[in-house]
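A short worksheet on the structure shown next.
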Amino acid sequence: MKKIMGGLFLIGFVFAVGVLGLSAAAAKAENQSAGGFVLPEGWQPRMKINEAAPDKELGLAKEALIRRKVFNLLRKKKFDELQSLLLGLQAEMEKDISRETPLVDAFEGFEIPDPAAYSLFTDWLKEYPDQWPALAARGVFFTHLGFEARGKNWGIITPREKIDGMKWFFELAKPDLEKAIELKPSCVPALRSLIAVESALGDALGAIAQYGDKNPESYRLRAQAIHFLCPRWGGSYEAMAAYIGESQRFTNANPRLLNLDGYGLFDKADTLLRIKKYEEALGLIREAISMSGNWLYPVLEGRILLAMKNPGQALASFDEAVKGRLNGETISWRATALMELERYEEALADLDRARQIDPFNERALSGVARGAQELIQKGRAAMESGDFKRAENYLKIAPKFSPGSAQVHFLMAHTLIKQNRLADAERAARRAVGLDPRKFDYTLLLDWLLAQRKDWEGIVGAWNEFLRLEPRNGKAYME
């Protein structure tokens, strides 16, 4: 295996040696550094596997939750159920190509951003050696890690070490994916990953020629191919148009292929959005929407409208996208528009849905953090302007975004004091102290509130508890 430029570092988990089904590339990686798994230097996963959003019953359709179901089965090592599920979804797709989406969505459950999940695939392959579902799943996992290591910027501005990190994971992915295709040539998730890998390595046309016709009626496979025929991946709009035209031969078998129409306009609009030419971008994406029912198009329209400071119209676009495709991307973008409109509770509901569908959804996770920060900032600003009722309204919602934030309750106590609601303020101050008992200012505020009702014993008890945790804080003894 090529040595990754920039060096490698050892992380603290070890792969099992001699596992059945271990690819040659993975074995080479494993043998480095006395059995330790090595990663590109400086790269750290954005999330750990144990940071996945917890299960929550939100009334979502079972099909929308297939990604989470697969992730849960893998994490719990229920390999028999996992194997049966994937074989069943593949069989459904082979009978009726319109049923391919559940299969592709299921394999997205293996897009875990934490390399530590490797051991789960190792254990699966112990029980099912040389079986295409486990091989394809591990290949999808490594492919995803490759793109995680690369980042989302265009190649021309992506640092060399990130490209090297991507290549490192792709070398692990390819043998698994190729073996899976050898065993199951029509496996759309493995074919999609191979097209992604080869295209990112600079051979989009070759990859599409090699893998694009193995399941020619598949919309999800052709949608992957058209994405990597975009100029940014070394393709061209002429090549995209030709491929879309060639795909029309199969529309009788799969009418969804008509949704490829307009993809060139979509890509041009996305490029214009990146360079802030919003009016031109909006015109192109609306032309694309008039040509096709592709759910990606209203998502991009909504993103452009958000950039143009028009969240109301953006929300309508995202609503259309959700109707076309209920997934983490459409729902998390809709939540963004709802937050811009200060409809925070609706936004949080969407963010929760997005994280149930995709436990590692990056936009939903950042949206929750953003919502908490915005509400605190707006609450503080309303307090400073003297609008304490408005401040209270913002701060009431904030704990739903950030249940562990003591600061929210501290600010709430202050705004309630300004409204002369001392009993409510005391309850808020106690919550702040309970969440952060080492914070001097929180106990000091509770002290003041207790003094208003002459609860001297309560004051002594509050400071005794603080000093038990912070015995060196001289200010507390003075209080």
Side-chain angles (χ1 to χ4, degrees), residues 13 15 19 21-23 25-26 37 45-53 55 63-90 93 100-150 166 169-181 183-184 187-197 220-221 224 327-329 355-362:
F13 62 91
F15 284 174
V19 174
L22 186 67
S23 70
F37 186 55
R46 63 178 173 85
M47 287 181 73
K48 300 290 189 182
I49 192 169
N50 60 2
E51 294 173 329
D55 291 348
E63 196 159 278
L65 294 171
I66 187 68
R67 183 172 183 161
R68 173 170 285 275
K69 180 177 182 178
V70 163
F71 169 68
N72 283 341
L73 289 174
L74 177 71
R75 181 169 53 174
K76 296 173 183 177
K77 299 188 178 184
K78 295 185 176 181
F79 301 129
D80 292 342
E81 290 182 52
L82 189 54
Q83 191 83 2
S84 177
L85 174 64
L86 297 177
L87 290 173
L89 292 173
Q90 174 72 20
M93 186 271 292
E100 67 176 324
T101 289
L103 176 68
V104 177
D105 288 355
F107 271 84
E108 288 178 349
F110 303 122
E111 293 180 358
I112 303 166
D114 186 358
Y118 175 87
S119 62
L120 298 171
F121 296 97
T122 297
D123 291 343
W124 185 3
L125 278 160
K126 283 181 182 178
E127 294 192 24
Y128 289 91
D130 294 323
Q131 294 285 308
W132 72 263
L135 289 165
R138 190 168 65 181
V140 167
F141 166 67
F142 278 134
T143 301
H144 180 69
L145 287 179
F147 283 107
E148 288 270 331
R150 180 192 183 279
M166 175 191 74
F169 286 114
F170 284 177
E171 286 195 46
L172 298 174
K174 284 176 64 177
D176 283 345
L177 295 169
E178 289 167 351
K179 181 64 174 177
I181 293 303
L183 295 167
K184 180 60 69 175
C187 178
V188 171
L191 292 167
R192 280 168 50 88
S193 289
L194 278 169
I195 287 175
V197 165
R220 297 296 296 271
L221 182 58
Q224 183 82 320
N327 65 10
E329 183 171 1
R355 296 184 71 201
Q356 283 308 296
I357 292 170
D358 174 4
F360 298 101
N361 189 285
E362 192 170 1

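Values below: every heavy atom of this structure, side chains too, minus hydrogens, waters and symmetry copies.
- Remark: of the listed residues Phe142, Trp124, Phe141, Phe142 is the sole one forming a ring pair (Phe, Tyr, Trp, His ring centres under 6.0 Å) with Tyr118.
- The CD atom of Glu362 sits 4.0 Å away from the CZ atom of Arg46 when rounded to the nearest 0.5 Å.
- For the atom pair CE of Met47 and CG of Asn361, the computed distance is 9.5 Å after rounding to the nearest 0.5 Å.
- Pairing each heavy atom of Phe107 with each of Ala137, the nearest pair is CE2-N, 3.6 Å.
- Looking at every heavy atom in both residues, Pro102 comes nearest to Ile66 through O-CG1, 4.0 Å.
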Worked check of salt bridge (charged side-chain N to carboxylate O under 4.0 Å, His left out) between Glu111 and Arg192 = CA-CA 13 Å; Glu111 293 180 358; Arg192 280 168 50 88; over 6 Å; no
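- A distance of 6.0 Å separates NZ in Lys77 from CG in Leu120, rounded to the nearest 0.5 Å.
- Side chains of Asp358 and Phe71 form no contact here, defined as non-hydrogen atoms less than 4.5 Å apart.
- Proximity of the aromatic rings of Phe121 and Phe79 is defined here by a centroid distance below 6.0 angstrom, and this criterion is not met.
- For the pair Leu221 and Ile195, the minimum side-chain heavy-atom distance is below 4.5 Å.
- Residues Leu82 and Pro133 have side chains not in contact (no heavy-atom distance under 4.5 Å, counting atoms from C-beta outward).
- By the 4.5 Å heavy-atom criterion applied to side chains, Asp105 and Ile357 are not counted as neighbours.
- When all heavy atoms of Pro113 and Pro45 are compared, the closest pair comes out as O-CB, 3.2 Å.
- Residues Ile49 and Asp114 come closest through the heavy atom pair N-OD2, 2.9 Å.
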What do the steps show when you test Leu172 against Leu145 for side chain to side chain contact (heavy atoms under 4.5 Å, CB included), and what is the final call?
-> CA-CA 10 Å; Leu172 298 174; Leu145 287 179; over 6 Å; no
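- In this structure, NZ in Lys48 is found 11.5 Å from CZ in Phe360, a value given to the nearest 0.5 Å.
- A distance of 10.5 Å separates CE of Met166 from CD of Glu171, quoted to the nearest 0.5 Å.
- Between Arg75 and Ala52, the shortest heavy-atom contact is NH1-CB, 4.2 Å.
- Phe110 has its side chain within reach of Val70: a pair of non-hydrogen atoms, C-beta onward, lies under 4.5 Å apart.
- In this structure, Leu103 CG and Glu108 CD are separated by 10.5 Å, a value rounded to the nearest 0.5 Å.
- Between Phe147 and Phe169, the distance from one ring center to the other does not fall under 6.0 angstrom.
- Taking every heavy atom of both residues into account, Ser193 and Thr143 meet most closely at CB-OG1, 3.8 Å.
- Using modelled atom types, one side-chain atom of Arg68 and one backbone atom of Arg355 make a donor-acceptor pair closer than 3.5 Å.
- Under the salt bridge (Lys or Arg N to Asp or Glu O under 4.0 Å) criterion, Glu127 pairs with no residue at all, not counting sequence neighbours.
- Two residues are said to be in side-chain contact when any heavy atoms from C-beta on lie closer than 4.5 Å; Ile112 and Leu74 meet this criterion.
- Residues Ile181 and Leu177 have side chains not in contact (no heavy-atom distance under 4.5 Å, counting atoms from C-beta outward).
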